[in-house]
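Accompanying notes for the structure given below.
Since this is a predicted model, take the numbers as computed values, not measurements.
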Amino acid sequence: KSGSGSTHLLLIHGNYGKAAYFDTITDLLAQQFSIIAMNTRDHADSTNTQQELTFDLVCQDISELLAHEGITKTAIFGFSDGANIGLFYTILHPKQVVALILGSPNLTFNSLKKFFQVESRVLYHVAHFLSSLLPVFKRPSRIFSLLTAELPISNQQLEQLTTPCLLLYGETDVVKPRHITKLYKQLQQAERYIFHSVGHRYIKKHPEEVASIITNFLKLHASKGGA
């Protein structure tokens, strides 16, 4: 946790990541907002008592975290798999999320570029095979299974979502550009911003620009929702 702004902002990292991934922008965002950066279930120092890892379980964790902190309304910035989780949580709890920033979301596995699909499948199958031999691989097997999972969201749910959304992605990102365009057109209140000459790591390479874009978006939209 950091910052003391009136608007709460929950940061959700990507697959096999951790909250520290946002370190380059956390202090910048904390100048305006109250930040919570969570390690999702099975990641970093977060545990998992279940034999599986699903979007539903992670969203349950988010709901419990916000309730524990006494937060009834928040903005969310999810990156990569964290964007998928943030979108799914917003659909489940639309009145709680006042604004949503989606960094390189991929609602379907096919929305990833082919080379990354192949890489992801290899990682999952290797970890899954090794998990049957060595317990230490059960955790990465669960994590990589979420990477290849389809997000349980329908086109109708996307089209009915009224939460203000900002889509961020890199010019050479692992997500197919046409997928971002399709999602942008489906959402009722959507904006998008592309980081040029960079791929999936725009948070690391352009932290000031990322923080500035998010800050301007939330100043315009989050205050209306009373985060």
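Across all non-hydrogen atoms, the minimal contact from A37 to A19 is O-CB, 3.5 Å. Nearest heavy-atom pair, P140 versus A127, reported as atom, atom and distance to 0.1 Å: C-CB, 4.1 Å. Counting all heavy atoms, side chain and backbone alike, A75 lies closest to L218 at CB-CD2, 3.7 Å. What you find for H221 and E191 is that their closest heavy atoms are NE2-OE2, 2.9 Å. The two residues L100 and F217 come nearest to each other via the heavy atoms O-CE2, 4.0 Å. Summarising the geometry of A190 relative to Y184, their closest heavy-atom pair is O-CE1, 3.3 Å, with the distance given to 0.1 Å.
Using a 3.5 Å distance cut-off with no hydrogens or angles, the side chains of H200 and S80 do pair a donor with an acceptor. For the residue pair H43 / S46, no side-chain donor-acceptor distance below 3.5 Å is found, with atom types taken as modelled.
Residues I71 and V98 fall into different hydrophobic clusters, defined by Ile, Leu, Val, Met, Phe, Trp and Tyr side chains chained together at heavy-atom separations under 4.5 Å. In this structure, L92 is a member of the same hydrophobic cluster as L187, with clusters built from ILVMFWY side-chain heavy atoms closer than 4.5 Å. In this structure, L151 is a member of the same hydrophobic cluster as V175, with clusters built from ILVMFWY side-chain heavy atoms closer than 4.5 Å. Cluster membership check: F88 shares its hydrophobic cluster with L65, using side-chain heavy-atom separations under 4.5 Å among Ile, Leu, Val, Met, Phe, Trp and Tyr. No single ILVMFWY cluster, assembled from side-chain heavy atoms under 4.5 Å apart, contains both L66 and F33.
For residues 90-101, every residue pair satisfying the side-chain hydrogen bond (donor to acceptor under 3.5 Å, both in side chains) rule, not counting sequence neighbours, is listed here: Y89-Q96. Each side-chain hydrogen bond (donor to acceptor under 3.5 Å, both in side chains) pair with one or both residues in residues 16-28, not counting sequence neighbours, would appear here, but there are none. Legend: salt bridge (Lys or Arg N to Asp or Glu O under 4.0 Å) pairs involving residues 36-48, not counting sequence neighbours, sorted by first then second residue: R41-D61, D42-R139, D42-R142.
Contact check for Q117 versus F109: side-chain heavy atoms found under the 4.5 Å cut-off. Within the 4.5 Å cutoff, the side chain of T7 has no heavy atoms near those of the Q32 side chain. Side-chain contact between T172 and V198 is absent, with no heavy atoms from C-beta onward closer than 4.5 Å. The side-chain heavy atoms of I76 and I101, taken from C-beta on, include no pair separated by under 4.5 Å. At a threshold of 4.5 Å between non-hydrogen side-chain atoms, the residues T40 and L53 do not count as touching. For the pair L9 and L11, the minimum side-chain heavy-atom distance is below 4.5 Å. Annotation: side chain of L161 is not in contact with side chain of Q188 (no heavy-atom distance under 4.5 Å). Side-chain atoms of L183 and L107, non-hydrogen and from C-beta on, do get closer than 4.5 Å to each other.
Qualifying salt bridge (Lys or Arg N to Asp or Glu O under 4.0 Å) partners for E69, counting only residues two or more places apart in sequence or in other chains: K1. Listed by chain and residue number, nothing satisfies the ring pair (Phe, Tyr, Trp, His ring centres under 6.0 Å) test with F116 (two or more places apart in sequence, or in another chain).
Counting only distance, with no hydrogens or angles, the side chain of N106 and the backbone of D81 share no donor-acceptor pair below 3.5 Å. A donor-acceptor distance shorter than 3.5 angstrom exists from the side chain of H179 to the backbone of P105, with no hydrogens or angles considered. Distance alone, capped at 3.5 Å, places no donor-acceptor pair between the Q189 side chain and the T163 backbone. Proximity of a side-chain donor or acceptor of D173 to a complementary backbone N or O of P177 within less than 3.5 Å is not detected. Remark: side-chain polar atoms of S63 are not paired, donor with acceptor, to backbone N or O of C59 under 3.5 angstrom.
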Could you go step by step and tell me if E64 and H68 meet the side chain to side chain contact (heavy atoms under 4.5 Å, CB included) rule?
CA-CA 6 Å; E64 291 175 8; H68 180 267; over 6 Å; no
Going through the checks in order, is the side chain to side chain contact (heavy atoms under 4.5 Å, CB included) test met by L158 and I153?
CA-CA 7 Å; L158 289 173; I153 294 176; 3.7 Å; yes
Test side chain to side chain contact (heavy atoms under 4.5 Å, CB included) on M38 and L10; report intermediate values, then the result.
CA-CA 8 Å; M38 68 180 295; L10 175 66; 4.1 Å; yes
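If you take CG on L167 and OG on S104, they are separated by 9.5 Å, rounding to the nearest 0.5 Å. With values rounded to the nearest 0.5 angstrom, Y202 atom OH is found 9.5 Å from I25 atom CD1. In this structure, CD1 on I62 lies 11.5 Å from CG on L57, to the nearest 0.5 angstrom. One distance of note links CD1 of I203 with CZ of F22; it measures 5.0 Å at 0.5 Å rounding. Atom CG of residue L168 and atom CD of residue E209 lie 9.5 Å apart, to the nearest 0.5 angstrom. From L28, atom CG reaches atom CD1 of I214 across 10.0 Å, with rounding to the nearest 0.5 Å.
A centroid separation of less than 6.0 Å is found between the aromatic rings of H128 and Y124. Aromatic rings from F79 and F77 are positioned such that their centres are separated by 6.0 Å or more.
The other members of the hydrophobic cluster of V118, by chain and number, are V122, V126, F129, L130, L133, L134, V136, F137 (side-chain heavy atoms under 4.5 Å, ILVMFWY only).
Heavy atoms of other residues, nucleotides or ligands lying less than 6.0 angstrom from NZ of K113 number more than 12.
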